[in-house]
Amino acid sequence: MSNIKNFINGNFQNPINNNWIDNYNPSNGDVYGQIPNSSSEDVEEAFEAAKSAFSQWSQTTLEERSRILIRISELLEENLQRFAEAESIDNGKPLSLAKTVDIPRAASNFRFFGNAITQFASESHESVGQNAINYTLRQPIGVVGCISPWNLPLYLFTWKIAPALATGNCVVAKPSEVTPMTAYMLGEICNEAGLPSGVLNIVHGLGSSTGQAIIEHPGIKAISFTGGTATGAHIAKVAAPMFKKLSLELGGKNPNIIFADCDYDHMLATTVRSSFANQGQICLCGSRIFIEASIYDKFKADFIDKVKQLNVGHPSEKSTDIGALVSKPHLEKVKSYIEIAKAEGANILYGGKEVTVEGFEDGYYLQPTVIEVHNDECRVNQEEIFGPVVTLMPFTTEEEVLTMANKVKYGLSATLWTNNLTRTMKFSSKLEAGIVWVNTWMMRDLRTPFGGVKASGVGREGGFEALRFFTEPKNICIKY
Ligand code: NDP
């Protein structure tokens with residue numbers, strides 16, 4: 001058994017109430033460990049530790065903060081194999097993906113914000129003719145809360161924690177209860193890197209109790225949250241009367257728009273990835289594929305041919321393209337959408353069935369699933385499924401596809417495939433999304449703003465946007 005503990009004030013400790021939750025291995029359905037079912041008392045202890053650490057950490061020089069964050073990054077890289085294996089076991093994702101994407105990216109997050117903080121500057125405004133100068137002080141907020149989901153566990157956890165720490169805040173953080181392992185392991189690395197006790201505190205448990213205690217805590221002045229839209233709406237409601245600063249990165253139902261004039265082979269290979277990477281459990285996956293009618297039949301045949309070649313298997317196998325879904329309830333939710341599609345009269349062109357992997361019969365495996373829909377307003381085209389399921393639909397005009405692309409409640413990302421510059425400019429400006437990729441997908445530069453519009457969230461992460469979020473600007477006006 002692989003039990004994990006809370007990380008409070010630099011120590012690993014059991015939950016005060018001694019309540020525990022089972023941790024499942026999605027590849028075989030076994031319980032392989034237990035995690036604390038922390039209560040508000042644990043959150044209070046974490047808060048007190050963070051509060052005590054704040055006065056010193058907020059005054060630590062930028063060079064020193066930067067050095068510690070970069071050391072954390074190096075230690076993650078040195079422990080890449082161990083972290084990648086833990087992530088793959090906890091989440092069900094292919095080990096190859098955890099090794100090439102999740103853990104390297106977590107390390108990059110610490111390195112990036114460790115460097116960015118040394119370049120972060122504030123403005124000054126000279127009030128010409130009035131003998132006065134204004135300058136902006138950007139001060140850390142104090143104790144902040146970071147809450148992250150299960151799909152890219154350490155990657156998204158550190159995407160919040162690194163800028164929060166870089167700007168001099170102290171943190172109370174909670175990873176998803178479904179994938180807590182690498183967050184637990186991060187505590188050891190932080191101690192080894194010399195992060196002072198109490199600066200980062202990691203409390204494990206259920207969203208409805210442990211997470212709720214974080215968002216309700218009056219001393220936690222800002223919440224950076226990534227997760228589902230319903231949870232985001234709940235957090236906004238709880239936080240608003242306390243005037244907490246909020247960054248909400250929520251769900252998506254992203255369009256992937258394919259015009260006949262695109263670079264076809266590159267588009268096809270990328271579309272397979274943008275549909276099914278991480279079992280389709282990435283908020284940026286292009287789950288609604290719109291194809292220009294003149295290439296629809298060709299695309300359909302070629303795409304299904306490629307999807308058939310994807311290997312669903314145990315996450316640790318090198319040949320595996322698609323691992324296990326994260327949990328049994330999530331598998332059931334995704335399967336329920338396949339039934340909804342059938343009831344709505346859509347065609348299941350490929351997939352739709354559970355896969356039995358020999359030796360791991362109780363794991364949560366599902367075929368990559370391609371659904372042809374006849375109406376863009378059907379539920380499978382409107383609601384976030386967050387699994388290996390995409391819909392296909394043809395279009396004939398630019399106006400038609402633009403309308404369909406924007407006709408969802410979400411607005412996280414959009415992908416456009418075309419070599420027409422005028423069309424590129426028109427769609428880039430008119431697509432309702434926080435991120436538009438043209439002739440590529442999920443190409444990330446950590447300096448760029450990241451986030452969504454509409455029900456996909458409020459606020460932006462990434463680069464100086466994240467450093468601005470985690471600081472409070474104060475204007476100082478000096479008359480001389
Ligand atoms: P949830 O919203 O269920 O959970 C996210 C986190 O919030 C978890 O740590 C969860 O804990 C916690 N939580 C749940 N309820 C509360 C509460 N009342 N108070 C405080 N915290 C709470 O999302 P999932 O984990 O299911 O993640 C999938 C969702 O995340 C999808 O909708 C996906 O689109 C979105 N997402 C968005 C991204 C973006 O950048 N926009 C990126 C990645 C994912 P617990 O797990 O214990 O319930």
Side-chain angles (χ1 to χ4, degrees), residues 21-24 35-38 40 43 90-91 93 101-102 105 145-161 172-181 183 202-217 220 223-239 244 246-254 277-287 325-327 329-331 333-334 383-387 408-413 433-435 442 444 448-462 465-466:
I21 307 166
D22 289 339
N23 191 13
Y24 289 84
I35 79 157
N37 185 359
S38 306
S40 55
V43 170
D90 222 20
N91 174 279
K93 68 177 67 215
V101 177
D102 290 77
R105 172 55 195 277
C146 298
I147 301 178
S148 57
W150 47 256
N151 61 332
L152 301 164
L154 193 65
Y155 175 142
L156 291 176
F157 196 57
T158 55
W159 181 231
K160 302 177 174 308
I161 288 171
V172 176
K174 189 194 93 66
S176 169
E177 141 243 340
V178 187
T179 53
M181 187 53 84
I202 303 171
V203 190
H204 298 273
L206 299 172
S208 54
S209 47
T210 317
Q212 184 72 21
I214 294 174
I215 61 171
E216 279 177 352
H217 198 293
I220 297 179
I223 304 285
S224 174
F225 169 81
T226 299
T229 293
T231 316
H234 170 76
I235 291 174
K237 223 184 262 177
V238 172
K244 292 187 189 218
L246 281 187
S247 167
L248 302 173
E249 302 292 341
L250 310 175
K253 187 75 182 176
N254 311 305
N278 203 40
Q279 297 70 247
Q281 302 166 145
I282 302 182
C283 52
L284 305 165
C285 277
S287 52
L325 269 66
V326 73
S327 67
H330 189 59
L331 172 69
K333 176 195 150 184
V334 176
E383 296 175 22
E384 186 184 42
I385 301 174
F386 214 56
V408 285
K409 68 174 183 175
Y410 298 105
L412 187 54
S413 70
I435 304 152
M442 216 170 141
R444 294 282 296 119
T448 60
F450 181 90
V453 299
K454 304 198 289 190
S456 291
V458 267
R460 292 292 180 274
E461 299 187 304
E465 297 284 349

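Note that ligands are numbered from 1 as they come in the structure, with each ligand's atoms numbered from 1 the same way. No experiment lies behind these values; they were computed from the predicted model shown.
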Original post:
Would atom 18 (N) of ligand 1 count as contacted, meaning some protein heavy atom under 4.0 Å?
Top reply: yes
Within the structure, is a non-hydrogen atom of [X] found at a distance of less than 4.0 Å from ligand 1?
{"X": "P175", "answer": "yes"}
{"X": "A230", "answer": "no"}
{"X": "S148", "answer": "yes"}

What are the atoms of ligand 1, with element, lying closer than 4.0 Å to any heavy atom of [X]?
{"X": "I147", "value": "6 (C), 7 (O), 9 (O), 12 (C), 20 (C), 21 (N)"}
{"X": "F450", "value": "40 (O)"}
{"X": "H234", "value": "18 (N)"}
{"X": "Q212", "value": "17 (C), 18 (N), 19 (N), 20 (C)"}
{"X": "G205", "value": "47 (O)"}

Heavy-atom pair of closest approach, residues [X] and [Y]:
{"X": "G452", "Y": "R460", "value": "O-NH1, 3.0 Å"}
{"X": "K174", "Y": "T210", "value": "CD-CB, 3.9 Å"}
{"X": "K454", "Y": "V408", "value": "NZ-O, 2.9 Å"}

At what distance is the nearest protein heavy atom to [atom], and which residue and atom is it?
{"atom": "atom 20 (C) of ligand 1", "value": "G211 C, 3.2 Å"}
{"atom": "atom 32 (O) of ligand 1", "value": "E384 OE1, 2.6 Å"}
{"atom": "atom 48 (O) of ligand 1", "value": "G207 N, 3.5 Å"}
{"atom": "atom 46 (O) of ligand 1", "value": "S176 OG, 2.9 Å"}
{"atom": "atom 15 (N) of ligand 1", "value": "T231 CG2, 3.4 Å"}
{"atom": "atom 41 (N) of ligand 1", "value": "L250 O, 2.6 Å"}
{"atom": "atom 11 (O) of ligand 1", "value": "K174 NZ, 2.9 Å"}
{"atom": "atom 24 (P) of ligand 1", "value": "W150 NE1, 3.3 Å"}

Side chain or backbone of [X] under 4.0 Å from ligand 1, or both, or neither, by non-hydrogen atoms?
{"X": "L412", "result": "side chain"}
{"X": "N151", "result": "side chain"}
{"X": "L156", "result": "side chain"}
{"X": "L206", "result": "backbone"}

**OP:** Using distance alone, determine whether F386 and ligand 1 share an N or O pair under 3.5 Å.
**Re:**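 So ligand 1 has no N or O lying under 3.5 Å from an N or O of F386.
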Sub-4.5 Å side-chain heavy-atom contact between [X] and [Y]:
{"X": "R105", "Y": "T158", "result": "no"}
{"X": "L250", "Y": "F225", "result": "yes"}
{"X": "P175", "Y": "W150", "result": "no"}
{"X": "D102", "Y": "L154", "result": "no"}
{"X": "D90", "Y": "P153", "result": "no"}
{"X": "Y410", "Y": "N254", "result": "no"}

How far does [atom1] of [X] sit from [atom2] of [Y], to the nearest 0.5 angstrom?
{"X": "C146", "Y": "L156", "atom1": "SG", "atom2": "CG", "result": "11.5 Å"}
{"X": "N278", "Y": "M442", "atom1": "CG", "atom2": "CE", "result": "8.0 Å"}
{"X": "I215", "Y": "K237", "atom1": "CD1", "atom2": "NZ", "result": "11.0 Å"}

Original post:
Which of these, C283, G457, P329, G227, has its nearest heavy atom closest to atom 35 (C) of ligand 1?
Top reply: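 Answer by nearest heavy atom: G227.
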Subject >> Identity of the nearest option to atom 29 (C) of ligand 1, non-hydrogen atoms only, from G228, A173, G452 >> reply: G228
Original post:
Would K160 and T226 count as a side chain to side chain donor-acceptor pair (under 3.5 Å) if you check the C-alpha gap in whole Å, the side-chain angles of each, and the deciding distance to 0.1 Å?
Top reply: CA-CA 9 Å; K160 302 177 174 308; T226 299; 2.7 Å; yes
Subject >> Residue pair V326, N151: steps toward the side-chain contact (heavy atoms from CB on, under 4.5 Å) verdict >> reply: CA-CA 8 Å; V326 73; N151 61 332; over 6 Å; no
